[in-house]
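First comes the structure, then the notes that go with it.
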Amino acid sequence: MDSKSFIRAKTEARKLCIVTCYDYTFARLLSKTAIDAILVGDSAGMVIHGHSSTLGMNVELMRLHTEAVARGAPQHFIIADMPFLSFRKGVSAALDSAHTLMIAGAHAVKLEGVDGHEDAIQRLSQSGIPVMGHLGLQPQSIRGYGGYKVQGRTGEQARDILRQAVTLETLGAFAVMLECIPAGLASEITSTLHIPTIGIGAGPDCDGQVLVLQDLLGLNIDFQPKFARPFFDGARGVLAALAQFDQAVKAGTFPSSDESYS
Ligand code: KIV
């Protein structure tokens with residue numbers, strides 16, 4: 001898979017499936033799947049580092065996560081998130097940030113929004129760095145929204161998100177992620193654009209879907225957004241294994257002689 005195949009998938013009406021990943025162990029598992037792309041999301045700030053937002057992520061942290069994922073899944077198409085403000089300080093700073101992520105093993109970058117950094121998006125695309133846009137709920141703008149809220153519910157907001165999506169396509173983006181917008185709006189954007197839309201909380205009509213790995217594995221015990229269907233009861237399985245280990249150690253049944261060296 002590459003950015004051109006993304007666009008081909010849309011023309012062939014083939015749905016695209018993306019999962020986030022931040023570390024080597026899960027990347028190894030993802031490398032055994034048919035999943036189309038791995039997103040090294042800045043959601044690492046919340047899922048891995050335990051922050052309440054993605055704002056604490058920076059290029060150096062994203063570089064480390066991207067390198068670990070690239071080592072684990074070297075054949076997969078890897079998209080790395082450009083962290084908070086890393087594409088808002090001018091074209092040259094955006095190129096430097098993207099350069100770091102591409103050298104770390106990314107094949108494309110994702111960045112939120114479009115207004116005010118059109119030049120950076122265009123220059124990245126023209127420099128051979130495939131860019132995925134990200135519209136609707138943009139977690140890096142959470143302080144501006146005053147919370148994680150569905151976007152695009154008013155006619156004016158909806159028109160604005162559609163306008164931004166068209167602008168992204170014009171600037172050379174190869175795909176656009178749509179987060180937490182009404183399904184009808186996502187459907188309209190999907191039928192307007194020639195590049196694929198990837199939804200998360202944006203209904204079934206997007207050209208593809210993405211989920212945070214820990215959500216889809218049912219590992220997130222603190223928060224489960226409506227759109228994040230758990231495909232596995234991961235937390236229950238992990239907790240059961242930990243309880244069994246604890247009991248075995250305390251009962252003196254672990255390790256056995258087979259698990260010990262002579
Ligand atoms: O950082 C991330 O995980 C994202 C999600 C919306 C998939 O961008």
Side-chain angles (χ1 to χ4, degrees), residues 6 15-23 26-27 30 35-59 61-66 68-69 73 76-87 97-98 101 104 106-114 121 130-142 145 147-152 161 164-165 168 173-181 186 189 196-203 206-217 219-220 222-231:
F6 258 61
K15 291 268 189 187
L16 292 158
C17 182
I18 305 181
V19 173
T20 70
C21 184
Y22 321 98
D23 73 309
F26 274 123
L30 282 170
I35 280 164
D36 295 295
I38 299 174
L39 171 67
V40 186
D42 63 351
S43 50
M46 302 170 81
V47 178
I48 303 297
H49 298 279
H51 295 295
S52 60
S53 77
T54 59
L55 303 189
M57 293 305 284
N58 56 41
V59 174
L61 286 168
M62 289 305 300
R63 178 180 74 77
L64 294 170
H65 287 294
T66 303
V69 170
H76 261 69
F77 183 53
I78 297 173
I79 304 161
D81 248 338
M82 295 195 61
F84 186 47
L85 296 183
S86 63
F87 47 90
S97 304
L101 298 175
H107 304 106
V109 297
K110 174 168 83 60
L111 50 77
E112 295 182 11
V114 59
I121 295 170
V131 175
M132 175 182 277
H134 181 156
L135 300 176
L137 175 61
Q138 296 166 39
Q140 293 173 11
S141 301
I142 202 67
Y145 303 136
Y148 293 94
K149 296 178 187 150
V150 175
Q151 302 294 306
I161 295 173
Q164 291 176 63
L168 273 169
F174 75 94
V176 55
M177 183 175 295
L178 300 173
E179 179 169 356
C180 288
I181 62 170
I189 295 171
T197 58
I198 308 296
I200 176 161
C206 294
D207 297 302
Q209 298 289 330
V210 58
L211 278 180
V212 167
L213 180 62
Q214 280 73 359
D215 288 344
L216 86 83
L217 294 180
L219 290 169
N220 188 346
D222 295 321
F223 177 58
Q224 199 176 314
K226 171 185 165 116
F227 57 79
R229 183 194 302 178
F231 286 82

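Atoms within a ligand are numbered from 1 in the order they appear, just like the ligands themselves. Residue numbers start at 1 and run along the sequence shown.
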- Start with the C-alpha distance between Asp81 and Thr54, add both sets of side-chain angles, then the distance that settles side-chain contact (heavy atoms from CB on, under 4.5 Å), and finish with yes or no. CA-CA 11 Å; Asp81 248 338; Thr54 59; over 6 Å; no
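Ring pair Tyr22/His65 is perpendicular by interplanar angle, where above 60° counts as perpendicular and below 30° as parallel.
A donor-acceptor contact shorter than 3.5 Å is absent between the side chain of His76 and the backbone of Ala27. Asp36 places no side-chain N or O within donor-acceptor distance of the main-chain N or O of Ile18, the cut-off being under 3.5 Å.
Looking at residues two or more places apart in sequence or on another chain, you find no salt bridge (Lys or Arg N to Asp or Glu O under 4.0 Å) involving Asp42.
Across every non-hydrogen atom of Leu61 and Gly56, the tightest pair is CD1-O, 3.9 Å.
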Does ligand 1 have any N/O pairs with the protein under 3.5 Å, and how far apart?
| residue | atom | partner | partner atom | Å |
| --- | --- | --- | --- | --- |
| ligand 1 | 1 (O) | Asp42 | N | 3.2 |
| ligand 1 | 1 (O) | Asp42 | OD1 | 3.1 |
| ligand 1 | 1 (O) | Ser43 | N | 3.1 |
| ligand 1 | 1 (O) | Ser43 | OG | 3.3 |
| ligand 1 | 1 (O) | Asp81 | OD2 | 3.0 |
| ligand 1 | 3 (O) | Ser43 | OG | 2.4 |
| ligand 1 | 8 (O) | Lys110 | NZ | 2.8 |

